[in-house]
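The structure appears below as structure tokens.
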Amino acid sequence: MSNILSDLNPEQSQAAAHIDGPLMIIAGAGSGKTRTLTYRIANLLQHRVDPFNILALTFTNKAAREMKDRISNLIGTEAKSVWMGTFHSIFARVLRVDGEVLGYPKDFTIYDTDDCKSLIRAIVKEQNLDPKTYPASQVLSRISNAKSSLMSPEEYLQNVEIRAQDAAAKKPMIGEIYKIYNERLKRSSAMDFDDLLFNMNLLLRDFPDILAKYQRRFKYILVDEYQDTNYAQYLIVKKLAAAHQNICVVGDDAQSIYAFRGANIQNILNFKSDYPTFQTFKLEQNYRSTKTIVGGANSIISKNRDQIRKEIWTENIEGEKIHLSKCDTDKAEGLSVAQKIFEIKMNEHLQNSDFAVLYRTNNQSRSIEDALRQLNIPYRIYGGQSFYQRKEIKDVLAYFRLAVNPNDQEALLRVINYPARGIGQTTIERLRVLADQHQVSLWDIVSTPTLQGDEINSGTRTKLDAFAVKIKSLNVGIKTTEAFEMATQIWLASGIKSAFDEEDTLEAEMRLRNVDELLNAVKDFTLTEQQVVNEETGEISLVNNEFRMLDEFMSDIALITDADINQDDDKNKVSLMTIHAAKGLEFACVFVVGMEENLFPSSMSVNTRTELEEERRLFYVAVTRAEKKLFLSFAENRFIWGQYTFCEPSRFLEEIDPMYLDNPEVLEKTSMFERFESYKTYNKPKQFLGSNLRKVEASTSLPSTPLRERLSRSLSGVEMTDLQKPKSLMSMAEAKYTPTPPSAGISSENLRENQKVHHEKFGSGIIKSVEQNGEKIVVLFDTVGEKTLLTKFAKLQIGLPD
DNA sequence: GTGTGATATCTTTTT
DNA sequence: GATATCACAC
């Protein structure tokens, strides 16, 4: 019977064999977590647990799919009937069935981040608030945090602490924005990502029948990456598991990297008190990486204060040291990575797919891509600008969305005048006002001529009517016409195709092809087997020969990310992705690039210990992706915002026990002189623009304002007195992690022995000797003794300070 | 109402 | 460098 468990080590096997009651598995990196989880599900199924009584929640579709595949391989197709998916997708499915009690139609729209932001921008504008005080991204993150903590707008407005925070941040109106934002979402029959959790909780909290139904259905619950759950997810799971208490959570506090979006490590620490009868297993043996990599990773994570102590160890070989390299620029870094991949492939007969390049931020992919292309190394980027985020795709999807749910305001606004049909800004503003007056959706105003009011002139009204008729006619077919057919109809009716055809450029041609790809995706969707849920039993069965409708497609893709589509024909490619996206994956050779201060750790995360510790865990995740070879690199100059910027090696590099590094000496500080030379090399002014000083400055300046000012002035010979302005608080903070740039040094002609000088930091002194034509001087200072200085960079004044 | 250029701001990380 | 917003001419 449980012979499948013999593939596992004792801890894994005990965890997998566990059937009833709460269970917590603390699984270190590379300890066979997914393996244990899949074996446990397989074991449950072998013990005659019905697959549709098992709920397995993951954070990514990829993780869910992988688990499904692995279970299928173990015990066959029965696995496909397990409820397995991301929190968001499973809850969306529940809400489509039962969300009507909350006032949502079955085909509610799911707003993506862009939709939410544009809605917030509109609200800020109409409330006459300053968009600079209320940037959409910040407001959204505040709202998102509130929703993740299950805080409604009303509770938000009443919460003294929260309001004080907003007031202190000089953004006192966020609560009001939140309230309006939620009303608008509802009026648009739309939910944002956080609503999927928030409303799921409402459903279980306020409707005992519904709670009972899902408790009956989900007799066995498994949660992957439990350390990444936020409060909403935690509470929902707790409610669902309350009846049977068959809950199994798997996690690793050392890999918690989503605190920024509300994940709470406490959830894992509180498991004990929530489920006093729990059992726990620790998986500490690493099967993935060499001793060197495991040791290096341990030395990193040990620097964190908040952690459950674990002893990750491995029986694997010692392996190579961790390779460290310093590059001149991000471009050079890319080339060095590409060349190494090329060499290793040749020498060790590895596949492209054995390599991954990991970075902190998506925009770092560019230099890597360029280099890989140069060497003809095929690669695939995960994440980043997704296919579904391209303009033309979003435009077509907006028509799809409108056809499914005309109340979808963001979709309506996107296409009401695209292609141009003479419905301009003024008209839209009037419609918005009307919608608000009548407390109805924008679509209600557009589609109901009697509601349009006197302000709309008859010409415009005709245009509006024509648009409304078009959308209505599309909406009619949505329930009866098969998805691909429907999609094609909408595409042709939208008029976008004709616009592209008319344009007749290469660009338009590309966009057309992208839309074709979208239509193909719809076609594929109609051909895949369909999961049908029996509402009585919760049983999931697979049906092949049934029509699939466009609304189903739309509800599917809203939660699909780039990593999920695009299952490339040729899988043998180098993987490029952010470290976040790499969680859960492993590669023979891993390159972690951009190991620089202000990039990794991010400049946004160096202010508090908790933030810094999350960055460190992120680094830990990056390092533990590697099986055999690990390369860490940093660039001394990075191209940011169209300019080269000085970079310092990341503090994390110094935290690795040097015994695991092949060349720790790379970390030794570069002299200011070399830095300045390399700065000059990479920031040659492209052309001199005469009187346009701004332009000259832009082409030679550094990004942080105080540095930029000081340096560009030194280059253009501005008086030093100008440089002594008091530093703002902001610039002090920056100064902490940014190397001091060369300042306007005094000219070497004025220097002679026994000259009195004054140094900003060292105070007064006397020049003892002048070397190398005045480039270097030795000064005997009154307080700190003898120092050798480079005149070019030392902030010296001749004589005594005034 | 539409379309064009200038310009300000920009960067975490994701479902 | 890339994108979102703004000012101005048509």
Side-chain angles (χ1 to χ4, degrees), chain A residues 57-64 85-92 110-114 116-118 121 125 131-132 135-138 140-141 144 147-148 191-197 225 228-230 232-233 256-263 330 358-364 366-367 370 382-386 388-389 391 417-429 457 459-460 463 557-564 577-583 594 598-606 611 614-615 617-619 621-622 638-645 694-695 698-699 703:
Chain A
L57 295 166
T58 62
F59 274 82
T60 62
N61 295 299
K62 200 162 49 176
T86 64
F87 283 92
H88 290 84
S89 67
I90 297 280
F91 296 168
I110 298 171
Y111 272 13
D112 68 17
T113 310
D114 286 340
C116 300
K117 281 189 195 162
S118 97
R121 265 191 292 268
K125 196 173 162 197
K132 293 207 174 64
S137 53
Q138 277 180 37
L140 182 61
S141 101
S144 172
K147 286 188 179 178
S148 314
M191 295 193 202
D192 64 16
F193 288 134
D194 301 303
D195 281 336
L196 295 171
L197 309 182
E225 312 276 16
D228 286 332
T229 50
N230 60 32
Q233 290 161 329
S256 159
I257 54 175
Y258 285 106
F260 73 93
R261 67 175 212 219
D330 50 346
L358 309 182
Y359 34 77
R360 177 70 238 267
T361 61
N362 279 303
N363 60 356
Q364 288 170 258
R366 200 191 175 106
S367 56
D370 289 346
Y382 292 78
Q385 251 274 313
S386 110
Y388 287 104
Q389 275 169 313
K391 289 147 251 97
N417 199 31
Y418 179 80
R421 52 173 68 85
I423 303 172
Q425 215 53 59
T426 329
T427 309
I428 292 172
E429 281 316 310
N457 68 43
T460 310
K463 291 172 190 162
I557 64 159
L559 295 170
I560 271 180
T561 59
D562 208 39
D564 302 313
M577 65 186 95
T578 63
I579 302 166
H580 282 89
K583 188 154 87 150
N598 291 325
L599 185 59
F600 194 17
S602 157
S603 56
M604 321 286 287
S605 306
V606 291
E611 284 173 341
E614 174 146 321
E615 294 282 309
R617 290 192 296 269
L618 192 57
F619 185 39
V621 168
R638 183 166 292 275
F639 202 61
I640 302 172
W641 300 333
Q643 292 163 32
Y644 279 99
T645 308
R694 272 192 72 98
K695 279 276 166 65
S699 67

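Below, chain A is the first sequence line, B the second, and so on; all start at residue 1. The figures here come from the full heavy-atom set of this structure, side chains too, leaving out hydrogens, waters and symmetry mates.
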C1'-based separation of dT13(B) from dA4(C) [nearest Å] = 22 Å

Taking any heavy-atom pair under 4.0 Å as a contact, classify [X]: base, sugar-phosphate, or nothing.
X: Phe59(A); result: sugar-phosphate
X: Ile423(A); result: sugar-phosphate
X: Asn417(A); result: sugar-phosphate
X: Ser603(A); result: nothing
X: Arg121(A); result: sugar-phosphate
X: Lys132(A); result: sugar-phosphate

query = With distance as the sole criterion, is a donor-acceptor pair present between the side chains of Gln138(A) and Ser141(A) under 3.5 Å?
reply = no

Between [options], which one does the side chain of [X] approach most closely?
X: Thr86(A); options: dT12(B), dG1(B), dT15(B); value: dT15(B)
X: Thr427(A); options: dT12(B), dT9(B), dG1(B); value: dG1(B)
X: Ser605(A); options: dT12(B), dT11(B), dG1(B); value: dT12(B)
X: Arg366(A); options: dT5(C), dA2(C), dT13(B); value: dA2(C)
X: Asn363(A); options: dT11(B), dT14(B), dT15(B); value: dT11(B)
X: Thr361(A); options: dT2(B), dT13(B), dT5(C); value: dT13(B)
X: Asn362(A); options: dG1(C), dT12(B), dT14(B); value: dT14(B)
X: Thr60(A); options: dT12(B), dT5(C), dT15(B); value: dT15(B)
X: Phe193(A); options: dT15(B), dT2(B), dC10(B); value: dT15(B)
X: Phe260(A); options: dT11(B), dT5(C), dT13(B); value: dT13(B)

To the nearest angstrom, how far is [X] atom [atom1] from [N] atom [atom2]?
X: Arg617(A); N: dT12(B); atom1: CZ; atom2: P; result: 19 Å
X: Asn598(A); N: dT12(B); atom1: CG; atom2: P; result: 12 Å
X: Ile110(A); N: dT15(B); atom1: CD1; atom2: C1'; result: 10 Å
X: Asp195(A); N: dT15(B); atom1: CG; atom2: P; result: 18 Å
X: Ile557(A); N: dT15(B); atom1: CD1; atom2: P; result: 15 Å
X: Gln425(A); N: dG3(B); atom1: CD; atom2: P; result: 13 Å
X: Gln364(A); N: dG1(C); atom1: CD; atom2: C1'; result: 15 Å
X: Lys117(A); N: dT12(B); atom1: NZ; atom2: P; result: 10 Å

inquiry  = Between Arg261(A) and Ser148(A), is there a side-chain heavy-atom distance shorter than 4.5 Å?
reply    =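 No, every pair of side-chain atoms sits at 4.5 Å or beyond.
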
request  = On DNA chain B, check which nucleotide each of Ile428(A) and Tyr258(A) is closest to and give me the residue with the more 5' one.
outcome  = Ile428(A)

task = Starting from the 5' end of DNA chain B, give me the residue, Arg421(A) or Glu611(A), whose nearest nucleotide shows up first.
result =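 Counting from the 5' end, the first nearest nucleotide belongs to Arg421(A).
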
When you compare the protein's N or O atoms with those of nucleotides 7-10 of chain C, which come within less than 3.5 Å of each other, and at what distance?
none

query = For Arg638(A), which residues count as a salt bridge (charged side-chain N to carboxylate O under 4.0 Å, His left out) partner, sequence neighbours excluded?
reply =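 Arg638(A) satisfies salt bridge (charged side-chain N to carboxylate O under 4.0 Å, His left out) with Glu333(A), Glu596(A) once adjacent residues are dropped.
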
ask   = Got a sec, which residues hit salt bridge (charged side-chain N to carboxylate O under 4.0 Å, His left out) with Asp228(A), two or more places apart in sequence or on another chain?
value = Lys583(A)

Is the backbone of [Y] close enough, under 3.5 Å, to the side chain of [X] for a donor and an acceptor to pair up by distance?
X: Asn417(A); Y: Arg421(A); value: yes
X: Asp195(A); Y: Asp192(A); value: yes
X: Glu615(A); Y: Ser605(A); value: no

ask   = With centres under 5.5 Å and planes under 30° as the test, does Phe87(A) stack with dT15(B)?
value = no

query = What closest approach, in Å, do Gly594(A) and Leu599(A) show between heavy atoms, and which atom pair accounts for it?
reply = O-CD2, 3.6 Å

query = What pair of heavy atoms forms the shortest contact from Glu225(A) to Phe59(A), and how long is it?
reply = O-CE1, 3.3 Å

